[in-house]
Amino acid sequence: MKIRSILSILFSFFLLSGAAAQQSGLMKEELENFLVITDRDFYLSGDRVWFAAKLLKNHESYRYSKLAYIAVLDASGKAVHEEKMLLTGQDMAYGDLFIPETSASGVFSIVVYTKWMSNYGDFPIARKQFLVTNPSAPVAAGEPALFWEQVPFENAPISLYHTSDQSEVIEILDSSGRSLEVLEAVAPLQQVLSKVKPSEAYRLVFRNKEYRVEPKVWFWDPADFSLSSAKVPQGAKVVTHSDWMLLEELEAQAGKTLLEKSRYQNLNSFNISVLDQSGSLLWSYQVQLPAKSQGQLQLSSKGQVGEGMKLDLAGFPQQFKNGLVLAGRVEDARVTELAELINHPNWKNLSAPSSEANLPAALAHAVEGPKLLKDYSPMFDYKVWSVSLQDRFASSTRPAGFGFSLPEALVEAEVDRRVYQEHFEIGDEVVALQSPFTPDKSYKMDEYDEFPDLESLIKEIIPQVRLKKASTGGRKEIFVANTDNQNVKFNKRPLVLIDFYRPASMEEVWNIDLTSLDRIELYYHRSTVESTNLGEEVGDGLLILYTKNNSYFLKNNVPKQRYFLSDVTVPRIQDYSRRAARPVTANPLQYMDTGLRFDRGKSKSGNLTFDTAGDWLVETWVFGNSEFERMQKRIQVEH
């Protein structure tokens with residue numbers, strides 16, 4: 001009997017230690033996730049959407065995913081746009097897409113994910129929800145929703161919001177049906193704060209429907225960074241995290257569970273998740289910390305139409321390496337408030353399922369075995385891969401499922417904007433292909449217009465390249481410097497591409513018109529090839545010629561079979577070559593600069609020039625490996 005007890009104890013200890021090892025392993029897992037950004041929160045059907053996605057990760061290994069899967073879902077959850085994009089050397093993907101003209105009004109979503117994320121059940125993939133209105137049918141289908149804000153402080157007042165097109169009455173009852181407060185004439189699309197501070201369960205009555213809110217179980221105390229609960233299930237865990245990094249993991253304590261406050265000093269927000277013994281989510285909340293910035297956005301608050309305004313970013317720590325800038329007209333406060341609310345995890349739609357995708361819960365439930373690897377060399381190892389979004393990422397792809405109606409004047413203003421755009425033929429051209437990786441050398445062709453042909457330019461300007469005559473046929477072959485040897489030798493044969501297409505022959509390369517070229521990028525250092533993981537096929541280097549306006553493909557009708565990246569697209573950006581001369585147009589937004597680089601904590605993004613008077617919002621996102629900062633400045637442009 002004693003032996004059996006001892007064996008039982010040892011077996012239990014083995015299971016617990018195995019579970020502990022698994023949990024600690026999760027803390028060491030190389031995690032990643034995207035942050036997704038759109039240029040606006042409100043579009044008309046048929047509008048162009050500019051988007052950017054930044055991959056954030058808890059590690060600096062090059063073996064992170066380099067392929068982004070992007071989907072746009074309409075109000076019913078149906079995908080209206082899907083594509084795969086290769087990340088840039090800044091771990092970003094960006095481009096444009098169109099909302100179909102026939103789209104019904106509603107809440108749309110853009111989601112960005114990697115293949116690796118599908119290893120886990122309901123992984124919290126990046127999601128940005130935005131509003132779309134079809135002017136011919138501006139009211140979104142579905143019943144208006146009542147939103148409730150989860151605030152886990154004891155005696156916190158009830159905060160509510162509704163999407164009806166008219167003022168509504170909202171009544172608050174206790175669990176026995178006794179009326180606590182009647183909120184009369186609550187305006188649509190506007191937050192309202194009740195006087196009721198319930199500690200028990202209560203009910204909300206809205207449009208003759210009753211919603212029950214369960215009593216609070218966990219309470220957050222920002223004063224001492226603690227989480228408290230009167231009832232703590234055995235084996236419960238408290239995990240703090242973002243969507244791409246675990247910060248702290250603790251055993252849930254009866255009474256108070258204290259967090260290590262110093263871990264959160266440089267954060268603007270973080271998530272708290274409580275998991276049961278099986279890893280299922282019991283409770284979650286996003287803590288908002290006082291806004292702080294480690295750097296500065298330097299831009300005047302007033303400007304004149306047609307005059308350049310200098311924009312600089314300075315004072316950032318070394319870990320911030322790149323960023324982007326958006327400039328756009330200030331949107332209506334009702335639009336931005338609704339967009340922020342539907343994208344915030346602490347606001348719950350009481351009339352819809354409330355489950356949320358959650359990182360610790362997802363990591364505790366692996367669904368692939370063996371795990372799918374990260375797409376860290378998609379240029380060569382990429383294979384066709386598809387997944388049912390709704391099955392694998394259910395919470396992140398669930399339709400919003402409620403109706404809303406924006407004020408008629410607001411919709412008319414957007415229609416006027418489009419009429420203005422079409423009348424004056426204001427539009428964006430996608431004219432530049434962004435290199436997916438950072439080259440060893442990049443040569444801009446506008447600096448070398450005196451050369452008559454490519455051969456002359458290479459001989460005179462690119463010292464890392466040598467041309468040798470072939471033994472037969474009089475052809476010239478390209479060789480790049482071999483930096484693996486102590487003595488530099490030109491014996492490496494690079495792979496040569498034009499706009500990511502393989503030329504049919506080297507004659508196409510030599511006969512290319514220099515005036516059609518935008519730049520030449522060269523990869524020849526072994527460390528560069530390995531760090532960007534371009535694959536064994538380019539172990540001897542890579543030479544890419546980029547044409548202006550993608551003209552090589554368009555003029556030569558190049559077959560898709562010669563496209564080097566199969567069906568994977570590369571990030572595409574607007575033309576900023578004339579940024580200093582071309583004003584930023586108010587109707588529609590035409591400025592989204594994704595190419596910021598930081599040197600010693602500074603980044604100069606040049607001048608912003610506006611052609612329309614009014615209130616503008618300039619927004620900057622600054623990225624590190626696992627963190628980001630968002631800064632906004634409202635400026636007034638006068639005639």
Side-chain angles (χ1 to χ4, degrees), residues 85-86 88-89 94-96 379 425 427-468 470 474-480 493-524 534 538 541-582 590 592-595:
M85 294 187 74
L86 197 61
T88 70
Y94 36 82
D96 64 319
M379 297 182 82
E425 297 182 345
D428 295 328
E429 293 290 336
V430 181
V431 298
L433 292 176
Q434 174 71 13
S435 176
F437 303 112
T438 303
D440 293 312
K441 291 291 182 181
S442 183
Y443 299 90
K444 290 287 291 182
M445 290 299 99
D446 56 8
E447 300 173 4
Y448 307 108
D449 54 10
E450 70 272 19
F451 290 95
D453 52 48
L454 181 63
E455 180 179 342
S456 302
L457 186 145
I458 289 179
K459 285 180 178 179
E460 296 292 330
I461 300 300
I462 307 181
Q464 301 85 12
V465 173
R466 290 288 186 271
L467 304 181
K468 294 181 181 179
R475 296 176 292 106
K476 292 184 176 65
E477 295 180 330
I478 293 178
F479 290 83
V480 298
R493 297 171 182 264
L495 178 66
V496 180
L497 302 174
I498 305 177
D499 290 341
F500 293 103
Y501 287 88
R502 288 186 177 92
S505 69
M506 284 303 296
E507 291 303 314
E508 285 191 39
V509 177
W510 297 125
N511 293 333
I512 198 165
D513 183 3
L514 279 188
T515 61
S516 70
L517 286 184
D518 175 61
R519 68 191 187 277
I520 297 176
E521 289 187 353
L522 180 63
Y523 301 78
Y524 64 95
L534 292 172
V538 292
L542 180 67
L543 185 71
I544 306 182
L545 312 179
Y546 292 92
T547 62
K548 299 172 183 175
N549 298 311
N550 200 21
S551 61
Y552 176 77
F553 167 74
L554 297 175
K555 291 180 179 178
N556 295 282
N557 193 25
V558 182
K560 186 177 180 181
Q561 291 81 357
R562 283 167 51 190
Y563 185 49
F564 189 58
L565 303 178
S566 183
D567 62 343
V568 182
T569 58
V570 295
R572 53 206 184 277
I573 57 177
Q574 299 157 276
D575 182 15
Y576 295 116
S577 61
R578 295 175 288 129
R579 180 191 298 164
R582 179 185 179 188
Q590 287 194 0
M592 187 173 187
D593 190 344
T594 55

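Note that the numbering runs from 1 along the sequence shown for the chain.
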Q: List the steps, then state whether side-chain contact (heavy atoms from CB on, under 4.5 Å) holds for Asn556 with Tyr501.
A: CA-CA 11 Å; Asn556 295 282; Tyr501 287 88; over 6 Å; no
I want to check something: taking the side chain as every heavy atom from C-beta on, are [X] and [Y] in contact at a cut-off of under 4.5 Å?
X	Y	result
Thr88	Thr594	no
Phe553	Asp499	no
Ile498	Val558	no
Lys441	Ile462	no
Val480	Leu543	no
Leu545	Tyr552	no
Val465	Lys459	no

(Q) Taking side chain to side chain contact (heavy atoms under 4.5 Å, CB included) as the definition, give me every residue that meets it alongside Thr438, ordered by chain and number, with sequence neighbours left out. (A)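 Here the qualifying residues are Arg597.
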Q | Ile458 and Phe451: CA distance, side-chain angles, deciding distance, side-chain contact (heavy atoms from CB on, under 4.5 Å) verdict | A | CA-CA 10 Å; Ile458 289 179; Phe451 290 95; over 6 Å; no
Shortest non-hydrogen contact between [X] and [Y], atoms and distance:
X	Y	value
Val570	Met85	O-CE, 3.6 Å
Trp510	Leu467	CH2-CD2, 3.4 Å
Arg562	Ala504	NH2-N, 3.2 Å
Asp513	Ser516	O-OG, 2.6 Å

Q | Under 3.5 Å: donor-acceptor pair, side chain of Tyr94, backbone of Asp593 | A |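 No: the side chain of Tyr94 does not pair with the backbone of Asp593.
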Return the [atom1] to [atom2] distance between [X] and [Y], rounded to the nearest 0.5 Å.
X	Y	atom1	atom2	answer
Glu447	Leu457	CD	CG	10.5 Å
Ile461	Leu454	CD1	CG	12.0 Å
Glu477	Arg466	CD	CZ	16.0 Å
Glu521	Lys444	CD	NZ	9.5 Å
Asp518	Asp446	CG	CG	7.5 Å
Met506	Glu508	CE	CD	10.0 Å

(Q) Apply side-chain contact (heavy atoms from CB on, under 4.5 Å) to residues Ile520 and Ile544 and explain how you reach the verdict. (A) CA-CA 6 Å; Ile520 297 176; Ile544 306 182; over 6 Å; no
Q: Show the numbers, then the answer: is there a side-chain contact (heavy atoms from CB on, under 4.5 Å) between Leu497 and Arg502?
A: CA-CA 5 Å; Leu497 302 174; Arg502 288 186 177 92; 3.7 Å; yes
Q.
I'd like to check the side-chain hydrogen bond (donor to acceptor under 3.5 Å, both in side chains) partners of Tyr443; sequence neighbours left out, ordered by chain and number.
A.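 With sequence neighbours excluded, Tyr443 shows a side-chain hydrogen bond (donor to acceptor under 3.5 Å, both in side chains) to Gln464, given in chain and number order.
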Q.
Tell me whether Lys555 at atom NZ has more than 12 heavy atoms from other residues, nucleotides or ligands lying less than 6.0 Å away.
A.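 Counting neighbours around NZ of Lys555, 12 or fewer heavy atoms of other residues, nucleotides or ligands fall under 6.0 Å, so no.
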Q. What about Tyr546 and Phe500, are their ring centers closer than 6.0 Å?
A.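 Aromatic pair counts; centres sit under 6.0 Å.
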